[in-house]
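Structure first, then comments.
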Amino acid sequence: MLTLHTLRNDRDSLIKAFKSRNLDVTETVDRILAIDQDRRQTQKALDDLKQSQNVASREIGELFKSGQREVAEEKKAAMGDIKERIHTLEQAMRTLEEQQLEGLLELPNRPHPSVPVGTSDKDNVVLSEEGTLPEMGEGALPHWELCERYGLIDFELGTKITGAGFPVYRGKGARLQRALIAFFLDRAVEAGYEEFIPPLLVNSASGQGTGQLPDKEGQMYHCAEDDLYLIPTAEVPLTNIHRDVVHKSDDLPIKLCGYTPCFRREAGSYGKDVRGLNRLHQFDKVEIVQIEHPDRSYATLDAMVEHVRDLLRALELPFRTLRLCGGDLSFASSLTFDLEVWSAAQGRWLEVSSISNFETFQANRLSCRYRGADGKNQLVHTLNGSALALPRIVAALLENNQTSDGITVPEALRPYTGFSIIN
RNA sequence: GGAGAGAUGGCAGAGUGGUCGAAUGCGGCGGUCUUGAAAACCGUUGUACCGCGAGGUACCGGGGGUUCGAAUCCCUCUCUCUCCGCCA
């Protein structure tokens with residue numbers, strides 16, 4: 001969430017910045033600031049009352065010690081009123097603090113100045129396109145039919161065991177999955193990211209830390225009995241490793257990566273978008289995360305985008321890079337680049353990676369800081385990106401590389417798959 | 001699942017109703033000594049909020065209560081550890 005400090009000092013520019021998200025936050029911001037005003041006055045009054053209580057208590061203690069019982073008893077009797085007023089003000093403080101936090105939590109992150117104005121993914125800006133789109137022959141099949149033909153992924157079996165959106169990978173399909181995970185992890189480790197295997201269930205504090213809660217409550221699977229959430233992305237456990245931590249300035253950046261399955265309820269999805277591997281309730285993803293010094297975070301964001309683009313180049317997939325517009329920007333992000341691969345048989349671009357700089361938005365919720373040169377603790381910047389999400393990569397690989405002899409495996413992946421063709 | 005013990009500053013660990021925001025040790029930082037370092041010695045070292053400032057307030061796992069006054073007493077929740085049971 002944004003800091004109160006930001007709201008107080010940057011009210012006007014903040015309101016202006018939110019225009020690229022198509023949001024008018026004037027009312028919300030002013031409401032929070034009004035509460036803040038009230039809260040500060042209340043605290044001052046409360047502190048003064050408590051001071052007089054502390055002073056009086058000390059005096060009473062002294063009086064008892066020196067044997068002046070009667071004077072002490074008199075003073076004691078006079079304390080009732082103060083006590084009551086303190087109690088009332090404490091109640092008021094609690095309410096004000098709650099209201100203020102609620103207000104701050106409902107405010108999304110401030111978009112970076114380079115974020116284009118827009119309302120939906122149609123307004124995202126294509127920055128570049130790389131690779132040549134393959135020409136598909138007459139009989140080119142979409143990936144779900146290829147999966148069936150070669151026995152790679154059984155969607156119906158998953159439906160029987162669990163429900164729609166929980167595919168069963170088998171044979172070379174399963175092996176391809178494992179190969180991609182290993183390939184992505186190896187590349188991340190080579191690039192200096194430390195590998196983690198985090199928990200797949202997280203508590204609500206973690207969900208709030210990275211911004212899934214309360215914003216996306218309904219998008220996560222929730223185990224009510226234990227009040228735990230299935231992770232929608234490794235971002236949640238990986239970033240929360242750094243919750244309530246103060247880092248040395250020299251230790252930044254901290255680079256983490258991890259493979260996890262991801263679970264998403266995807267409430268409200270429908271139609272052709274969800275066919276085959278396009279949208280699933282459970283899918284695999286390798287995630288990269290960085291905890292970075294604010295001065296360097298945008299250079300780091302570029303480097304992370306380049307890392308993921310290299311993965312796509314290695315897989316020989318045509319892809320394009322997008323700068324997300326304000327309307328498509330996620331709640332917690334300041335600036336996001338999306339990477340999309342070309343799905344030849346479907347004839348459409350599929351999002352396979354989202355790389356974002358959250359600036360201090362998550363750090364504030366997480367209370368993740370570094371000690372600056374002046375000895376003061378400052379909020380870090382957090383960044384993350386998919387590197388990469390598997391299903392749509394698999395979809396594109398299968399569709400783009402289909403030949404009459406079978407599906408060819410890109411060179412870079414063969415050491416991992418152990419086979420060069422799926423037939 | 002059953003029984004017990006515990007939660008205090010970066011860490012370890014005292015403190016059981018009144019200058020306790022908290023002893024002591026370690027660690028960190030600064031200094032003395034040294035060509036330099038180590039050792040030794042001296043000093044220093046939590047966070048947040050309010051206030052122009054002097055200063056004030058809060059925080060000893062969370063919440064509530066008793067009391068003029070709570071790290072300390074009571075209730076409650078959460079978590080951790082040990083033992084037993086179950087189990088990959």
Side-chain angles (χ1 to χ4, degrees), chain A residues 1-9 32-105 197 199-209 213 222-229 237 240-252 254 261 291 360 363-380:
Chain A
M1 64 189 171
L2 295 170
T3 59
L4 201 53
H5 193 256
T6 310
L7 268 67
R8 270 194 221 148
N9 298 317
I32 295 169
L33 288 175
I35 294 168
D36 186 45
Q37 193 76 22
D38 201 356
R39 196 204 94 238
R40 289 152 94 175
Q41 280 174 6
T42 308
Q43 178 167 352
K44 180 81 181 117
L46 182 60
D47 283 359
D48 288 347
L49 275 177
K50 282 186 172 173
Q51 186 188 6
S52 56
Q53 184 187 47
N54 287 342
V55 170
S57 293
R58 229 166 288 154
E59 280 173 9
I60 291 169
E62 291 298 321
L63 288 170
F64 271 118
K65 264 187 207 164
S66 60
Q68 299 173 260
R69 289 208 153 267
E70 275 176 33
V71 193
E73 289 295 346
E74 242 170 71
K75 286 226 173 222
K76 261 170 77 167
M79 295 298 284
D81 178 48
I82 285 194
K83 244 181 118 174
E84 203 171 302
R85 280 157 70 200
I86 286 178
H87 196 74
T88 311
L89 283 183
E90 273 177 342
Q91 215 86 41
M93 269 300 275
R94 206 167 310 152
T95 309
L96 287 169
E97 276 168 355
E98 268 167 30
Q99 287 173 345
Q100 189 163 50
L101 185 63
E102 263 169 44
L104 284 171
L105 282 175
I197 301 178
L200 305 182
L201 279 79
V202 295
N203 55 32
S204 58
S206 294
Q208 183 160 316
L213 294 174
H222 182 226
C223 308
E225 181 114 28
D226 299 292
D227 193 22
L228 295 173
Y229 295 85
N240 272 283
I241 289 173
H242 296 278
R243 175 151 48 86
D244 296 320
V245 174
V246 180
H247 293 286
K248 292 189 193 129
S249 187
D250 292 343
D251 291 343
L252 304 177
I254 294 161
I291 311 293
T360 60
N364 190 29
R365 292 173 172 228
L366 292 160
S367 188
C368 177
R369 292 161 296 172
Y370 70 96
R371 191 172 287 277
D374 56 356
K376 286 261 177 205
N377 293 337
Q378 310 278 350
L379 293 172
V380 299

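Numbered from 1 within each chain, the chains take letters A, B, ... in sequence-line order.
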Check: According to the salt bridge (charged side-chain N to carboxylate O under 4.0 Å, His left out) rule, which pairs have a member within residues 87-102 of chain A, sequence neighbours left out?
Finding: A/Lys50-A/Glu90
Margin query: Just to verify, what does A/Gln100 make a side chain to side chain donor-acceptor pair (under 3.5 Å) with, not counting sequence neighbours?
Written below: A/Asp36, A/Arg39
Check: Base, sugar-phosphate, or nothing: which does A/Arg69 touch, judged by heavy atoms less than 4.0 Å apart?
Finding: nothing
Note to self: I want to verify a distance call: between B/G69, B/G65, B/G56, whose nearest atom is closest to the A/Gln53 side chain?
What the structure shows: B/G69
Checklist line | Pairwise 5' ranking along RNA chain B for A/Arg8 and A/Lys50, keeping only the more 5' one | finding: A/Arg8
Next item on the list: Can you figure out which of B/C50, B/G56, B/C68 approaches the side chain of A/Lys44 most closely?
Entry: B/C50
Next item on the list: Pick the P atom in B/U47 and in B/C29, then give their distance to the nearest Å.
Entry: 16 Å
Next item on the list: Output all residues satisfying salt bridge (Lys or Arg N to Asp or Glu O under 4.0 Å) with A/Asp244, sequence neighbours left out; order by chain, then residue number.
Entry: none
Note to self: Walk along nucleotides 18-23 of chain B from 5' to 3' and tag each nucleotide B, S or - by protein heavy-atom contact under 4.0 Å, base first, then sugar-phosphate.
What the structure shows: B-----
Notebook entry, point to check: Mind checking what makes side chain to side chain donor-acceptor pair (under 3.5 Å) contact with A/Lys76, not counting sequence neighbours?
Noted result: none
Check: Under the side chain to side chain donor-acceptor pair (under 3.5 Å) test, which residues partner A/Glu59, sequence neighbours left out?
Finding: A/Lys75
Notebook entry, point to check: Starting at the 5' end of RNA chain B, what dot-bracket string do you get if Watson-Crick and G-U pairs under 3.5 Å are bracketed, crossing pairs use [ ], other-strand pairs use | and unpaired bases use dots?
Noted result: ((((((((.[[[..)..(.....]]]((((((.......))))))(((((....))))).[[[[[..)....]]]]])))))))....
Checklist line | Euclidean distance for C1', B/C77 against B/G30 (whole angstrom) | finding: 45 Å
Note to self: How long is the straight-line distance from CG of A/Leu46 back to CZ of A/Arg85, given to the nearest 0.5 Å?
What the structure shows: 11.0 Å
Hey, can you pull the donor-acceptor pairs under 3.5 Å for the side chains in residues 202-209 of chain A, sequence neighbours left out?
unit_1, atom_1, unit_2, atom_2, d
A/Asn203, OD1, A/Ala205, N, 3.4
A/Asn203, OD1, A/Ser206, N, 3.0
A/Asn203, OD1, A/Ser206, OG, 3.1
A/Ser206, OG, A/Arg243, NH2, 2.9

Next item on the list: May I ask you to say what A/His5 touches in the nucleic acid, namely base, sugar-phosphate or nothing, with a heavy-atom cut-off under 4.0 Å?
Entry: nothing
Next item on the list: Check the distance between B/C49's P and A/Gln51's CD and give it to me in whole angstrom.
Entry: 20 Å
Next item on the list: Over all heavy atoms of both residues, which pair between A/Met1 and A/Leu104 is shortest? Give the atoms and the distance, please.
Entry: CB-O, 3.8 Å
Next item on the list: Scan A/Asn54 against the nucleic acid and name what it touches under 4.0 Å (heavy atoms): base, sugar-phosphate only, or nothing.
Entry: sugar-phosphate
Notebook entry, point to check: Whole-Å distance between B/C59 C1' and A/Asp47 CG?
Noted result: 13 Å
Check: Can you list the residues that meet the side chain to side chain donor-acceptor pair (under 3.5 Å) rule with A/Thr6, with sequence neighbours excluded?
Finding: A/Thr3
